[in-house]
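Just so you know, ligand 1 is whichever comes first in the structure, and atom 1 is the first atom listed for that ligand. The analysis underlying the following values was restricted to heavy atoms, covering all of them including side chains, and did not include hydrogens, waters or symmetry mates.
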Amino acid sequence: MIIIDSDFENGSLDRAIRLGENWYHLKLRPDTWYWFHCRIKGCKGREITFELTCADISYRAPGYEAGKGRWDFGNGIYNRPVVSYDQKKWQRVDFVEKDSTMVGTFRFRHTFTEDEAYICYSHPYTYTDLKSYLQRIKDNPLIKIETLGKTRNGIAQPILTITKNKKNKKLVLLIFREDADEVTTSFAAEGLINHLLDKKDKKVNQILEKYIFKIVPMVSIDGVIVGATYSAGYGYGGFRWHESPAPKEIENIKEATKRWVREGYKMVVAGKIHGGQQLLSDMPKRRPDIIVSEASLRDVLVSTKDKYWNPIARDLAIRPRGYFERYLLDEFGFKICFGTHVQGGEPDDAKKCGKGLAKAIIEYLKIYCD
Ligand SMILES: [Zn+2]
């Protein structure tokens, strides 16, 4: 007997409807219009066909109607969901296609070699993945891992401090994964952090002598845990920075930032790192953007000819109220802030993208802040 469920961390599915022998419709949860993450038991040796129908969200996101911009990429290897038997090693499913008669409906199939498998829209990166990563780097003398506060659901929100000199007051603040579904962001966070911990890199060493990095590797923790598209249970968090109180994970960052300013830290650059909801092969073309309000910042970040992070500038002088950048401006008069999307065809590409971003930030610091 086949059993399909989503009762695990980051799981996301309303229900599976049996349409026929080895043929199931995956009904998406109401809080996601394209994302799913489920477990299937009893599947060994079977070729199973799954189909799903994407909700129409065109009213708020033109271009994303009926699965467009998400599922509608064809059968290319990078456009397919992934399957795993151990939640560690992921492979693409065998085949995906668009249904020619039902709007927004897509179908994929896979032949399973084990009896229990996980299937996800894209390589998942969960809160547990973050915790095991932090466990691996926690003994590095350059890093200090603390808790910023609890989420609304009582989960600890990590904050990383990276520097060679704890007396440094020049602060670089970076936040990752405001949107729970943007998995590339988390792989890029690892790439960026790994680069900052690279003892052999001369430029990194020079920068860490003078600057202190504060990194929030996962903002929407509750959203990641429940497998929500944006954040969990209290609406989208990314444009609610001006609310009081804002969603708990954002409130934690606001409180910490106020504390750092009181303690005499001087913010020199801040960044929010968003990314793709899936790992795509054509990374540099998909959303290679950087939004900045300060021209010199843009020039340096954009001119970094790194293969994995070479964005096109989208220069918006001022962001609407609600956004991180605008909050820093309104609250602290701080405007050296950027927002960007990171990408990658595989987790390692996204990590390299994060490394490229780290290099760009270091260039900026050397040119403008030394
Ligand atoms: Zn985003």
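Listed by chain and residue number, nothing satisfies the ring pair (Phe, Tyr, Trp, His ring centres under 6.0 Å) test with Y85 (two or more places apart in sequence, or in another chain). The salt bridge (charged side-chain N to carboxylate O under 4.0 Å, His left out) test applied to D198 returns no partner, not counting sequence neighbours.
A salt bridge links E21 with R46; the closest basic N to acidic carboxylate O contact falls under 4.0 Å.
Checked against the 6.0 Å centroid threshold, F176 and Y133 do not count as a close aromatic pair.
Among protein atoms, those of element N, O or S found less than 2.8 Å away from the Zn ion (ligand 1) are D179 OD2, E182 OE1, E182 OE2, H274 ND1.
Listed by first then second residue, pairs satisfying salt bridge (charged side-chain N to carboxylate O under 4.0 Å, His left out) with a partner in residues 260-269 number zero, not counting sequence neighbours.
Rounded to the nearest 0.5 angstrom, D289 CG and D315 CG are separated by 12.5 Å.
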